[in-house]
2 protein chains.
Amino acid sequence: MADELDLYPKTGRFLEGRLRDAMSEEEKATVESLVEETAEFESPEVILERGVLCNRSTMLIEGFVLRTINSGEKRYVVGVQVPGDFVDLHAFALKRLDHNLVTIGKAKVGFTTHDRIKDVMSDNPHLARLLWFSTLLDAAIHREWIMKLEQLRAPKRVAHVFCEIWQRLDFVGLGRDGGIDTPLIQQDLAEMCGTTAIHMNRALSQLREEGLADFRRGRIDVPDRKRLEKYATFDSTYLYGEGVLGMRGELSLSTP
Amino acid sequence: MADELDLYPKTGRFLEGRLRDAMSEEEKATVESLVEETAEFESPEVILERGVLCNRSTMLIEGFVLRTINSGEKRYVVGVQVPGDFVDLHAFALKRLDHNLVTIGKAKVGFTTHDRIKDVMSDNPHLARLLWFSTLLDAAIHREWIMKLEQLRAPKRVAHVFCEIWQRLDFVGLGRDGGIDTPLIQQDLAEMCGTTAIHMNRALSQLREEGLADFRRGRIDVPDRKRLEKYATFDSTYLYGEGVLGMRGELSLSTP
DNA sequence: CGTTCCCTTGAGTAGTTTCAATACTTGTGG
DNA sequence: CCACAAGTATTGAAACTACTCAAGGGAACG
């Protein structure tokens with residue numbers, strides 16, 4: 001993992017833990033070369049706004065990004081992205097997004113033009129398929145969010161969010177024993193779970209009282225991960241991690 | 001529209017109202033040729049089950065299909081598809097789906113092998129991009145569902161579902177004045193909106209009392225469409241209809 | 001003409017929102 | 001170093017929304 005970041009400092013986390021092994025070194029180099037310019041953000045800033053025409057896409061290198069939609073004075077979070085995510089690759093085909101991309105906390109991103117992606121589409125169908133795959137991962141996560149919003153109440157919803165982010169950070173080597181560190185605040189969690197910040201606070205208190213998870217200003221400590229996952233009915237298959245759905249055998253070209 | 005179905009009986013509705021105009025006649029013919037075998041279903045049947053390895057994709061020709069996820073004895077609906085939708089095109093890149101595809105009512109579908117799609121990926125980058133686009137439409141719809149689950153209560157949720165399905169049926173020429181006809185039952189609507197069937201029934205009663213929409217065994221009558229859309233805070237831009245986000249000018253190759 | 005599926009209604013309980021008020025934390029300037 | 005401000009987190013009480021359990025009504029199909 002450290003090797004990947006040495007070799008590919010800007011895109012070394014892309015699809016790590018998922019289908020990165022299906023990429024040849026040449027393809028990894030191609031992806032790395034796609035990202036020309038980088039930018040760093042402090043505190044909440046809008047990377048890309050809903051409806052704005054756009055001809056480049058963004059690789060998240062460090063930090064967190066939220067997908068948000070505003071409606072009637074309020075903001076709703078419809079997705080969260082972690083390092084290694086090609087956060088608006090779908091803008092290549094959509095041209096204008098239906099949602100906003102906003103950073104929270106410090107973040108570092110890289111940009112690539114759609115012209116360069118277009119070249120990849122023409123020259124390397126295998127890599128094109130992997131790029132497509134990465135956008136479909138987001139869709140799979142969206143579906144799980146829908147399901148969990150339908151199924152769970154606030155305490156389990158936020159517990160599920162914790163489990164998902166932890167697993168995704170694990171994929172890219174950013175996990176930590178006993179929990180995770182995020183730039184999230186309770187208001188963000190509320191907007192992800194479709195509740196008010198006040199109710200989210202009570203939900204978090206409940207998780208704390210029951211010894212499931214302790215959220216304190218972005219730092220999430222979990223005494224017993226398995227227990228939290230069971231509580232949240234978290235099943236990671238929808239994240240298409242290596243081996244989970246037999247993905248590795250399907251698209252893999254080379255073994256590490 | 002009728003012309004499209006005469007020329008392309010199995011895929012004439014694909015991307016109709018969205019980017020179908022961006023396809024050349026040759027590309028439309030290519031898509032039509034992708035679908036070799038067709039099948040018809042009566043009443044609820046599973047087209048594709050979560051986790052099952054699969055090497056073909058499904059075009060919905062007639063009828064409705066639900067995307068469902070089962071968890072703890074219950075079923076949750078995370079998406080609905082209408083004629084013209086390439087319902088599991090994403091299985092081409094994912095290989096196994098994270099959800100089930102089930103028909104409701106009568107449905108007719110066409111199948112295409114992933115080998116054939118692979119050829120398109122290599123031979124026609126422009127068409128590949130349109131196929132990609134169509135899977136991203138689903139993701140955009142997922143995001144709107146998340147947002148509406150977070151934002152709205154049961155009566156407005158189901159009103160929003162009505163508005164969306166109506167708009168999507170309009171795209172493919174299946175709208176009707178004063179409402180729509182679907183094979184949906186109240187239980188399905190409940191599973192889409194994350195409520196119980198009993199509560200959905202009360203929500204529907206409320207819409208009926210307020211003269212917003214009258215749901216009766218799949219038939220939905222709406223006295224005033226604009227009023228319903230306003231009530232549900234329905235904004236169709238996320239469906240990427242022609243012209244709405246200036247799509248037509250962006251990817252279009254020919255004008256009709 | 002009865003079974004089955006679908007829809008409807010009532011009453012009590014649990015979960016969530018709103019409004020209002022109070023603390024804690026962090027960073028900034030005096 | 002302290003005081004203050006801004007952002008973040010916490011608590012209480014009343015009103016609303018949704019769920020569960022239980023029972024009954026209606027339409028379609030054989």
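Chain identifiers are assigned alphabetically (A, B, ...) following the order of the sequence lines, protein sequences preceding nucleic acid strands; residue numbering begins at 1 within each chain. It should be emphasised that the depicted structure is a prediction, and the values quoted were computed from it without experimental measurement. Worth knowing before you read on, the calculation uses all heavy atoms, side chains too, and leaves out hydrogens, waters and symmetry mates.
Partners of A:His142 by side chain to side chain donor-acceptor pair (under 3.5 Å), not counting sequence neighbours, listed by chain and number: B:Arg143. Residues that satisfy the side chain to side chain donor-acceptor pair (under 3.5 Å) test with B:Thr112, not counting sequence neighbours, are absent from this structure. Among residues two or more places apart in sequence or in another chain, the side chain to side chain donor-acceptor pair (under 3.5 Å) test is passed with B:Arg176 by B:Asp181, B:Asp221.
Summarising the geometry, the separation between CG on A:Asp188 and P on D:dA9 is reported as 9 Å, rounded to the nearest angstrom. D:dT8 atom C1' lies 14 Å from atom CG of A:Leu184, rounded to whole Å.
The nucleotide range of DNA chain C contacted by chain A, defined by atoms under 4.0 angstrom from heavy atoms of the protein and reported 5' to 3', is C:dG15 to C:dT25.
Not a single donor-acceptor pair under 3.5 Å links the side chain of A:Lys108 to the backbone N or O of A:Glu40.
The shortest distance between the side-chain N/O atoms of A:Asn201 and the OP1/OP2 oxygens of D:dA9 is not below 4.0 Å.
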**Asked** Reading nucleotides 21-30 of chain D from the 5' end, what letters show protein touch, with B for base, S for backbone sugar-phosphate only, - for no heavy atom under 4.0 Å?
**Response** BB---BS---
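Between A:Tyr238 and A:His160, the angle of the ring planes stays under 30°, which puts this pair in the parallel group of the 30/60° scheme.
Residues of residues 148-165 of chain A that place a heavy atom closer than 4.0 Å to DNA chain C, in numerical order, are A:Arg153, A:Ala154.
Under the side-chain contact (heavy atoms from CB on, under 4.5 Å) test applied with B:Met192, the options B:Leu149, B:Leu184, B:Thr68, B:Val158 reduce to a single match, B:Leu184.
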